[in-house]
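So the structure is just underneath, and the comments pick up after that.
Source: prediction; values computed, not measured. Ligands are counted one by one from 1 in listed order, and the atoms in each one are counted from 1 as well.
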Amino acid sequence: MQYGYFDLKNKEYVITRPDTPAPWANYLGSPEYGAIVSNNGGGYSFVKSGANGRIARYRFNSNIGLPGRYVYIRDNDAKDYWSATWQPVGKSLDEYKTECHHGTAYTTINSEYKGIKSALTYYVPLNKTYEVWRIKITNDSDKARNLSTWGFIEFTNENNYEQDQVNLQYTLFITRTSFEGNKIVQHINENSGKDENGFNHKERFFGLVGADVSAYNGNLDSFIGAYRDYGNPIAVENGKCDNVLNYNSNACGALQSDFTLAAGETKELIYILGQKDPITAENIMAEYKAEGKVDAEVKELVDYWHGQLNNFQVETPSEEFNNMVDVWNAYQCFITFIWSRAASFIYCGLRNGYGYRDTVQDIQGIIHINPELAAEKIRFMLSAQVSNGGGLPLVKFDHRAGHETCPDENDENSVYAKETGHPSYRADDALWLFPTIVKYIGETGNKAFLDEVIVYAEEGGGEATVYDHLKNAIRFSQERLGAHKMPAGLHADWNDCLRMGKKGESTFVAFQLYYAMSVMKGYAEERKDAEYVRYITEAQAELGKALADCWDEDRFIRGIRDNGEVVGAKADPEASMWLNPQSWSVISGFASKEQAEKALESVHEILNTPYGVKIMEPPYVDHYFDGALMHIFNPDTKENGGIFSQTQGWIILAESLMGHGNRAFEYFLESAPASMNDKAEQRVLEPYVHGQFTESTRSPYAGRSHVHWLTGTGSTVMVGCVEGICGMRPNAEGLVISPSIPAEWDGFKIEKNFRGKHLSIDIQNPDHVQSGIKSITVNGEAVEGDFVCECKMTEQTNITVVMG
Ligand code: IFM
């Protein structure tokens, strides 16, 4: 079933049926002031932290999607009411028409009921820390209508959302609301911490511009009424708020306006919500009296986001590919880059920091669009690397580079462990720096980045050039090798659920290290660091020997536990085939052609499903070991044989690197959210964003996806598509163009901004091959091979690529 469509031109997803299988969300603002809004207006808002700065309530763990940012409308003659979003009143869809436009950092919901049209736009102005809901109400009937409207928000009583939910003997008694100058103000712990104006800056406000407030409620129960809910608030049903404010109860902001609309007339109301003292709130509201302010701000958001996304645009025969790469996958990459795992309808915001591996990978998703923004975060993450070379497993939001504590490998009770809940280092964290930095230097040509000096994370850790940071990352792994001379598994590798034991070994990490060594060898050669070239060449050869022993007929094993047992051997009764070692054997450059072909074929044969490729098979049920934590999940779910979405990007990339365009695209399509647009009831999750995983074929709900938006999938799939399928592989000197596409494609186009120049790339496929380059011309001049030197590029560069 289909609930909406992609509007590529406007970079929107348009939901035409509001009864979506789950609330389908959009992101507004940033974690400085974040708002998550569903297609029915559900969602919550917070300042700086989803867990500790929550200002609006939301009911987690339910697909009801309540409460949210509601505007109720009442026809006072007919005594009939509805909401400007289908929910919460939920009028019959025979009479109520609605369309939700999720765009880049704004959402507009257009609805119509009994001749009254409304257009409600939610957004957080660029770089501002409050939110705006603008509603335009139009009388589309042929007679005058007496209407009332209510803007409504349910405040939390405490910024800490857990306290707000469970510690009611405290939180019910710390807040009161007041009504002042067209706004409800909520005061919290009012007597403590007052400044010279009498405010403690915990005040929230919900104000109205564009109409008078004729009545209000600051008390939730008075607005909703006993034994009622958001769908039938007593105040709306009666057409009258009773001006009751809260004191020792739950707070809300409900602002009623009464007005008559002549036939054809439109009225505009602007609600503003934030955590500001009343004077600041008043000043903010005053700004919105200026005509055109909202339109200008929405335009500013659109210009900003479309400007970002337009740095890389493709036009291929696949609508799914175009919508994902040009808009939604790219936008999701920005959201994960900016929000990390801060807040969603699944994440409550409890994690107080950036996961090292998550963020270093998230960065990869935006490098082709905004490399300098990426560079700032790379520097930040390098400053969270410990001088022993490892990454801090969790980098606190208030990370103090050079002054942090760090995990102590021998002490689960270390200060760091106590502060973050993370007892020790992961085997893989700092190794993610290599592909990320390679991509950044490739996109920008900024080799001098390697000479930048960046402080280490811990107190007394000193500082080093990026080049030395990278050497140290390798040293970290080399100093922690297991019995077979591969990197020890430590706390875990990329797979949080796989504990090989401290001295157990992971082939996935070994492949990452192998890749890292190739990168460092290249950098060292360029820098004429002969001693290091010697060292790394030998070390890589040693590692190569160890990895050679991990080949098991038609696959690479997953690792060796610290008791010597192999994980992922072909003969194992469960978990005998794992995806990541196969894809990474190719990405790392380690696998021979024969091994690569065999391993990838095994993946297709054993792990492929209609919804993407499983993480492993068969799932752990009866033959798990203690460190195989994934056995706690149902079979074919999450890390226990589910289709772990992040891994799809790597297999797309691996197939592309092998020149298998058909396979690469098959995997893209199977796992692309957009492919499930007409099976949305099966996928459940938004058809425009990746989730963390999809249930695989043993599940009665095969094809259902979970954990929307904030997932590393954004970046890996983006890299798989851009570097892999599109074949855009910049290096310091220029651009390698090596697409791997479905043979049936006649070709495709790319518009790409690159180092201050614009590239228009026309890729033609007259022979219908999957990969391979017959010729490239740059501004009409033929160049050799698949490489376009930066020196050939002009302000507007026209590149024609003929595959064959
Ligand atoms: O790699 C991890 C990630 O850091 C958090 N989510 C799950 C992934 C796989 O276990």
Side-chain angles (χ1 to χ4, degrees), residues 332-333 336-337 339-344 346-365 381 384 390-395 407 420-433 435-436 487 489-500 506-509 511-512 558-559 567-568 575 578-581 583-584 587 612-616 619-620 624 627-633 636-651 671 689-696 705-717 719:
Q332 182 173 10
C333 284
T336 55
F337 176 85
W339 291 63
S340 185
R341 307 298 176 263
S344 70
I346 299 292
Y347 289 109
C348 312
L350 269 184
R351 187 166 90 174
N352 177 30
Y354 302 97
Y356 201 91
R357 79 163 75 92
D358 294 348
T359 294
V360 177
Q361 290 173 82
D362 288 346
I363 295 169
Q364 294 181 19
M381 294 311 288
L392 287 178
L394 188 84
V395 186
T420 64
H422 290 264
S424 53
Y425 293 100
R426 269 72 170 152
D428 63 319
D429 276 337
L431 293 177
W432 291 106
L433 289 166
T436 304
L490 306 185
H491 191 69
D493 67 6
W494 168 88
N495 191 325
D496 283 331
C497 297
L498 191 57
R499 310 267 160 93
M500 304 282 194
S506 150
T507 49
F508 187 176
V509 181
F511 286 128
Q512 285 186 272
R558 184 62 176 80
V567 176
W578 292 73
L579 173 60
N580 292 334
S583 49
W584 271 85
I587 296 169
V613 185
K614 300 181 60 160
I615 192 170
M616 53 85 143
Y620 281 117
Y624 58 86
L629 301 183
M630 63 286 276
H631 76 270
I632 59 175
F633 296 123
D636 281 30
T637 301
K638 286 185 66 108
E639 282 95 336
N640 198 19
I643 299 154
F644 214 87
S645 311
Q646 196 179 353
T647 64
Q648 310 304 300
W650 297 324
I651 192 69
S671 59
V689 286
H690 288 282
Q692 185 199 58
F693 76 100
T694 300
E695 290 172 63
S696 187
S705 297
H706 297 270
V707 193
H708 65 169
W709 280 96
L710 303 183
T711 154
T713 313
S715 68
T716 59
V717 175
V719 170

- Query: Would Asp636 and Lys614 pass as an ion pair if we require N to O under 4.0 Å?
  - Reply: yes

- Message: Could you check whether Arg357 pairs with Asp496 (Lys NZ or Arg NE/NH1/NH2 to Asp/Glu carboxylate O, under 4.0 Å)?
- Response: yes

- Ranked by distance from atom 4 (O) of ligand 1, the top protein heavy atom is Asp358 OD1, 2.6 Å

- Is it the side chain, the backbone, both or neither of Asp496 that has a heavy atom closer than 4.0 Å to ligand 1? both

- Task: Quick one: closest heavy-atom pair of Leu392 and Pro407, and the distance?
- Result: CD2-CD, 3.7 Å

- Item | Nearest-contact summary for atom 10 (O) of ligand 1 - protein heavy atom, Å | Glu639 OE2, 2.5 Å

- Under 6.0 Å between ring centres, would you say that holds for Tyr347 and Trp339? no

- Query: Is it true that the side chains of Glu695 and His706 contain a donor and an acceptor less than 3.5 Å apart?
  - Reply: yes

- Item | Closest protein heavy atom (residue, atom, distance) for atom 2 (C) of ligand 1 | Trp494 O, 3.2 Å

- Query: For ligand 1, which atoms, with element, lie under 4.0 Å from some heavy atom of Arg357?
  - Reply: 1 (O), 2 (C), 3 (C), 4 (O)

